[in-house]
Peer 1: 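Sharing a structure here in structure tokens format.
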Amino acid sequence: MSITEIARGYSPPREVQSATGPATPARSELVRLTPSAARAGRVPRWLRRASGPVLLVGLWHLASVTGLLPAEVLAGPGTVLSSAAKLIASGELQAAIVVSMQRAMTGLAIGGSIGVLLAVLSGLTRLGEDLVDAPMQMLRTVPNVALIPLLIIWFGIGEAPKIALIALATAFPLYLNVYAGIRGVDQSLIEAGRTLGLGRLGLVRHVILPGALPNALVGLRYSLGIAWLALVFGEQINATAGVGYLMANAREFFQTDVIVVCLVVYAFLGLAVDLVVRTLERIFLAWRPSFTGA
């Protein structure tokens with residue numbers, strides 16, 4: 001019996017004794033099997049995923065109401081919601097989000113393009129690997145925050161150092177993952193492509209790059225997460241707008257409620273862009289079966 005027959009609910013034939021002759025095999029019966037994950041999925045998955053954050057907020061509210069968490073240390077959920085409503089009503093929060101999104105996406109576009117280009121050059125050719133990989137491996141170990149003084153000297157205190165910091169931070173995850181994806185393509189697929197008459201460009205287009213796409217999307221998710229971390233530091237460089245600017249002002253006046261609002265905004269922005277990447281994975285990687293959890 002094959003594993004396919006087991007998965008489809010194959011039932012082995014049973015011998016049936018005929019009244020006029022010897023036993024004859026009965027027709028096989030197909031039995032539909034319900035996966036255990038489907039049987040356990042009576043509660044909607046979105047509800048299960050939301051239960052963790054809701055429980056955390058509930059504990060936070062309880063600690064604030066009972067006095068275990070003083071307002072001077074961390075404002076309660078009610079105060080945070082009130083501050084968020086005021087910022088939204090004044091338009092400050094929306095304007096800050098737009099500015100921060102522009103900085104993050106511009107830095108990601110520049111850094112990601114450089115990282116992917118260097119990864120393709122290093123992954124496809126040995127000469128490119130010899131010239132590019134060693135400097136990239138050295139530079140990625142340098143803390144990005146330590147480069148802020150140099151970036152200020154090179155680019156001044158305007159938008160350029162903020163974007164440059166994000167670009168530097170996001171280039172390395174994409175470089176590492178795209179490079180690993182290219183070098184991780186199965187050699188048998190390369191040989192099959194050559195057997196079918198594909199040239200070098202054809203192999204790159206139809207075999208190597210599609211094979212590296214899963215790693216590239218993983219690198220994109222890492223880069224998006226790091227972009228928000230770099231944005232927090234970048235917006236401390238003489239910023240006059242953005243979510244980090246609101247947070248810096250709130251820090252000066254010990255407004256923990258506004259700080260929490262800014263942190264929640266960062267978290268939701270990161271969740272939103274991660275959802276976009278997950279959607280791209282479902283679209284471009286529909287050909288790849290994957291384990292979805294037991």
Peer 1: Could you go step by step and tell me if Phe268 and Ile97 meet the side chain to side chain contact (heavy atoms under 4.5 Å, CB included) rule?
Peer 2: CA-CA 11 Å; Phe268 274 103; Ile97 290 174; over 6 Å; no
Peer 1: Measuring from atom CG of Leu224 to atom CG of Leu275, what distance do you get when rounded to the nearest 0.5 angstrom?
Peer 2: 11.5 Å
Peer 1: Would you check if the side chain of Thr141 reaches a backbone N or O of Met138 as a donor-acceptor pair within less than 3.5 Å?
Peer 2: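 It does hold such a pair.
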Peer 1: Among the clusters formed by ILVMFWY side chains lying less than 4.5 Å apart, do Val80 and Val265 turn up in the same one?
Peer 2: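 Yes, Val80 connects to Val265 through the hydrophobic network.
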Peer 1: Checking Arg194 now: which residues fulfil salt bridge (Lys or Arg N to Asp or Glu O under 4.0 Å) with it, not counting sequence neighbours?
Peer 2: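 Expected list: Glu191.
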Peer 1: Sub-3.5 Å donor-acceptor pair from the side chain of Glu281 to the main-chain atoms of Pro214, do we have one?
Peer 2: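 Such a contact is absent between Glu281 side chain and Pro214 backbone.
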Peer 1: Tell me the closest heavy-atom pair linking Ala230 and Leu165, and the distance in Å.
Peer 2: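 The pair with the smallest heavy-atom distance is O-CD2, 3.7 Å.
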Peer 1: Taking salt bridge (Lys or Arg N to Asp or Glu O under 4.0 Å) as the definition, give me every residue that meets it alongside Glu129, ordered by chain and number, with sequence neighbours left out.
Peer 2: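 Counting only residues at least two positions away or on another chain, Glu129 forms a salt bridge (Lys or Arg N to Asp or Glu O under 4.0 Å) with Arg183.
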Peer 1: Taking the side chain from Tyr266 and the backbone from Gly244, do they hold a donor-acceptor pair closer than 3.5 Å?
Peer 2: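 Indeed, once roles are kept as given, a pair shorter than 3.5 Å links the two residues.
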Peer 1: Can you get from Met136 to Leu168 by hopping between Ile, Leu, Val, Met, Phe, Trp and Tyr side chains that sit under 4.5 Å apart?
Peer 2: no
Peer 1: Is a side-chain donor or acceptor of Ser83 paired with a backbone partner of Thr79 at a separation under 3.5 angstrom?
Peer 2: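 Answer holds: yes.
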Peer 1: Quick one: closest heavy-atom pair of Pro173 and Ile226, and the distance?
Peer 2: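 Where Pro173 meets Ile226 most closely, the heavy atoms are CG-CD1, 3.4 Å.
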Peer 1: Distance check, rounded to the nearest 0.5 Å: Leu220 atom CG versus Leu280 atom CG?
Peer 2: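 Spacing of CG (Leu220) from CG (Leu280) equals 7.5 Å.
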Peer 1: So how far is it from Leu189 CG to His206 NE2, rounded to the nearest 0.5 Å?
Peer 2: 14.0 Å
Peer 1: Return all side-chain donor-acceptor pairs below 3.5 angstrom for residues 109-123, not counting sequence neighbours, or 'none' if the list is empty.
Peer 2:
unit_1, atom_1, unit_2, atom_2, d
Ser113, OG, Ala109, O, 2.6
Ser122, OG, Tyr175, OH, 3.3

Peer 1: Give the cluster check for Val178 versus Val204: same hydrophobic cluster or not, with ILVMFWY residues linked at side-chain heavy-atom distances below 4.5 Å.
Peer 2: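 Shared cluster, yes.
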Peer 1: Does the pair Lys162/Glu235 count as a salt bridge with the N-to-O cut at 4.0 Å?
Peer 2: no
Peer 1: Is a donor on one side and an acceptor on the other found under 3.5 Å between the side chain of Thr106 and the backbone of Arg103?
Peer 2: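 Not confirmed, Thr106 side chain does not pair with Arg103 backbone.
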Peer 1: To check you understand the geometry: which heavy-atom pair defines the closest contact between Gly181 and Ala212, and what is its length?
Peer 2: C-CB, 3.5 Å
Peer 1: For residues 247-256, run the donor-acceptor check on the side chains, cut-off 3.5 Å, and write out each pair with its distance to 0.1 Å, sequence neighbours left out.
Peer 2:
unit_1, atom_1, unit_2, atom_2, d
Asn249, ND2, Tyr245, OH, 3.4
Thr256, OG1, Ala75, N, 3.3

Peer 1: Quick check: are there more than 12 heavy atoms from other residues, nucleotides or ligands sitting under 6.0 Å from CG of Leu201?
Peer 2: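 Counting other residues, nucleotides and ligands, CG of Leu201 stays at 12 neighbours or fewer.
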Peer 1: Output, in order, the C-alpha distance, side-chain angles, deciding distance and verdict of side chain to side chain contact (heavy atoms under 4.5 Å, CB included) for Trp228 and Leu269.
Peer 2: CA-CA 8 Å; Trp228 299 116; Leu269 287 176; 3.8 Å; yes
Peer 1: Look up atom CZ in Phe172 and atom CD in Gln137, then write down how far apart they are to the nearest 0.5 Å.
Peer 2: 9.5 Å
Peer 1: Test Val273 against Val277 for side chain to side chain contact (heavy atoms under 4.5 Å, CB included), laying out the working first.
Peer 2: CA-CA 6 Å; Val273 294; Val277 178; 5.7 Å; no
Peer 1: Taking atom CD1 of Ile208 and atom CG of Asp186, what is their separation to the nearest 0.5 Å?
Peer 2: 12.0 Å
Peer 1: Give me the atom names and distance for the closest heavy-atom approach of Gly107 to Thr170.
Peer 2: O-OG1, 3.7 Å
Peer 1: Drop me the distance from Ile166's CD1 to Leu108's CG, to the nearest 0.5 angstrom.
Peer 2: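 Answer for the CD1-CG pair, Ile166 versus Leu108, is 9.0 Å.
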Peer 1: Is there a path of hydrophobic side-chain contacts, each under 4.5 Å between heavy atoms, that joins Ile88 and Leu263?
Peer 2: yes
Peer 1: List, by chain and then residue number, the residues other than Val218 in its hydrophobic cluster (Ile/Leu/Val/Met/Phe/Trp/Tyr, side-chain heavy atoms under 4.5 Å); write none if there are no others.
Peer 2: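 Hydrophobic cluster check, Val218: joined to Tyr222.
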Peer 1: Keeping to residues at least two apart or across chains, list the salt bridge (charged side-chain N to carboxylate O under 4.0 Å, His left out) pairs with something in residues 255-274.
Peer 2: Arg221-Asp274
Peer 1: Any side-chain heavy atom of Val260 within less than 4.5 Å of one from Val264?
Peer 2: yes
Peer 1: Do Val132 and Leu176 share a hydrophobic cluster (ILVMFWY, side-chain heavy atoms under 4.5 Å, transitive)?
Peer 2: yes
Peer 1: Closest approach of Leu174 and Gly219, non-hydrogen atoms and distance?
Peer 2: CD2-C, 3.8 Å
